[in-house]
Amino acid sequence: MSLLEFARGPALEGALIIFVFGIFWRLIGALTASPPILLAKPRRQDTFIAGMRAILTRSWPLEEFHNIIWFQHYSGYIWHISFFIVLLFFQPHIAFFTSLTGLSWPGLPNNVILVVAAIAVATLIALLVRRLRYRVLRQISNADDYISWVATILPLITGFMAYSHTGGRYETLLALHLLSVELLLLWFPFGKLMHAILAFPARFQIGAAFGRRGVRA
Amino acid sequence: MPITTTLGEILRARGVGRREFLQFCTGIATLLALPSAMIPRIAEALEKARRPSVIWLSFQECTGCTESLTRSHDPSLENLIFNAISLDYHHTLQAASGQGAEAARTQAMKDNKGKFLLVVDGSVPVANPGYSTIAGISNLDMLLEAAEEAFAVIAVGSCAAFGGIPHASPNPTGAVAISKALPGKRIINVPGCPPIATAITGVLAHFLTFGAIPELDQLGRPLVFYGQTVHDRCYRRPYYEKGWFARRFDDEGAKKGWCLYLLGCKGPVTYNACPVTKWNQGTSYPIESGHGCIGCSEPNFWDQGGFYRSLPQGQWGGAGTLTLAAGLGAAIGAGATLAARRRQNQAREESQ
């Protein structure tokens, strides 16, 4: 079995199985976890609205902290949007999703994808530099942060190489790209990347809990 | 009988003049991607070259490889090379049959011990030797006997080079490539289904000219023909670079000649010279005819998930396995939560 056959076949299937298993394990575990014991009388009843409001208000920087966190905040937006454009609108990726879901949608020209992918990579590098440069941020970072960074940037770099046929034979580069995606799938449910699934439920829960206490979230 | 006549003598006997002979040498230089400065050396080498004995064995195959060679479109080159060898055994082409044919084979092997070229097309069944026999001799026995005294072995076609279609899952005959049946033997693989006639004759031309085998890649294929991918030399590649892909065989993209990558073309991972040499008297090659490359010169090309499954689509089991994984993950997640709740309740009761 060649490296590409391994990457397209058993490695991909194994990574998808662990990815789906891990996501459901953590998501169902989080959703069915014991609710906190509430002994105090609630100050507000509309906790659902408070939770939904928290999802929205946490989507932009609080005015009080704007000057401190604006770079991290907006670069986060740039990174996520550019990553999802590359993920969802590069035509070979659409072919992959079509094989998974049966759904298909129009893609973007390669030139656009290349520019957006370059922005994604540059943003990730800038965020890493920032993390390493600031002492507090560096001290609260752990291995999970760096593994997640590597697992996220590798598919972009190997994707560049595969698209441009740079650095080796195409079948090797495509296999490396697929293997890097599989690494991402394997790490996703067990590290901080899981925030993609848990971010909004977590915001809602915090907002609802704060709302119950009459505190702005 | 031993071969004593030189190639120059044979060609002169066939009425090939000096000018035609030099044209032939130029053709060989072009075929092997050699500089023009090599032409005099090729001429000198060919003039003195002895007509080599060739034994051609056909095992589990469809005769497409022989068809490819005998129906080649460039008679001035392919035929000259074909006539320049002494084809002492080829059970599809020879007039003799039965014991007479086998006697010719063993005689040729004896007379040209250590000097003859062994060409093989088709794979060898090892699960049961009875699946394929010639004159009551199993393919494996005949191969082992012939290869022992051969100067070099040329595996022609994907069945001989990599097992090909007989080797495809579930491989009922236990078909193996010639390289697997002859471990340790230096083998020149000329894969393709069928291989390009020029690639077959190119290897023979190289042997005739230099008396040695050409430079090979890691799969034993001559680099001069298999050094680049079909995609590298595809005229549709600019469309790939731009991201202009046909999505169906009858859509506007297909009509405009856009890249067939998303329709399953295996050109980017297939090493062959189809875009350069083309087929049917240089008319076209599969991609030019509107169909993606099926990757026939690569190992296991039949088992890559389907000719119309594109490379990015992968080869995975299906939604059933993922549904099972989701169910199992949900069950374990819920089970862990229930166990945690039970522990909390017990702790609470004990503290009260």
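Reckoned from all heavy atoms, side chains included, excluding hydrogens, waters and symmetry mates. In what follows, chains are A, B, ... by sequence order, proteins preceding strands, each numbered from 1.
- Heavy-atom distances place the side chain of B/Arg348, and not its backbone, under 4.5 Å from chain A.
- Between the side chains of B/Gln313 and A/Arg8, no donor-acceptor pair of N or O atoms lies under 3.5 Å.
- Of the listed residues (B/Gly335, B/Ala334, B/Pro312), the greatest number of heavy-atom pairs within a distance under 4.5 Å of chain A belongs to B/Pro312.
- Considering only heavy atoms from C-beta on, A/Glu171 comes within 4.5 Å of B/Tyr271 through its side chain.
- Between chain A and the options B/Pro299, B/Gly243, B/Ala336, the largest number of non-hydrogen pairs under 4.5 Å is found for B/Gly243.
- Using a 4.5 Å cut-off between heavy atoms, B/Leu262 contacts chain A through its side chain alone, with no backbone atom that close.
- A side-chain donor-acceptor contact under 3.5 Å links A/Tyr163 to the backbone of B/Glu241.
- Interface residue A/Ala162: only backbone heavy atoms are found under 4.5 Å from chain B.
- Proximity to chain B is limited to the side chain of A/Ser104, based on heavy atoms less than 4.5 angstrom apart.
- Counting heavy-atom pairs closer than 4.5 Å to chain A, the top residue among B/Thr323, B/Asp303, B/Ile332 is B/Ile332.
- Proximity to chain A (any heavy atom under 4.5 Å) is shown, for B/Leu324, by neither the backbone nor the side chain.
- Aromatic ring orientation, A/His165 versus B/Tyr240: perpendicular (interplanar angle above 60°, classes split at 30° and 60°).
- Heavy-atom pairs under 4.5 Å with chain A were tallied for B/Leu311, B/Val269, B/Thr229, B/Leu328; the largest tally goes to B/Leu311.
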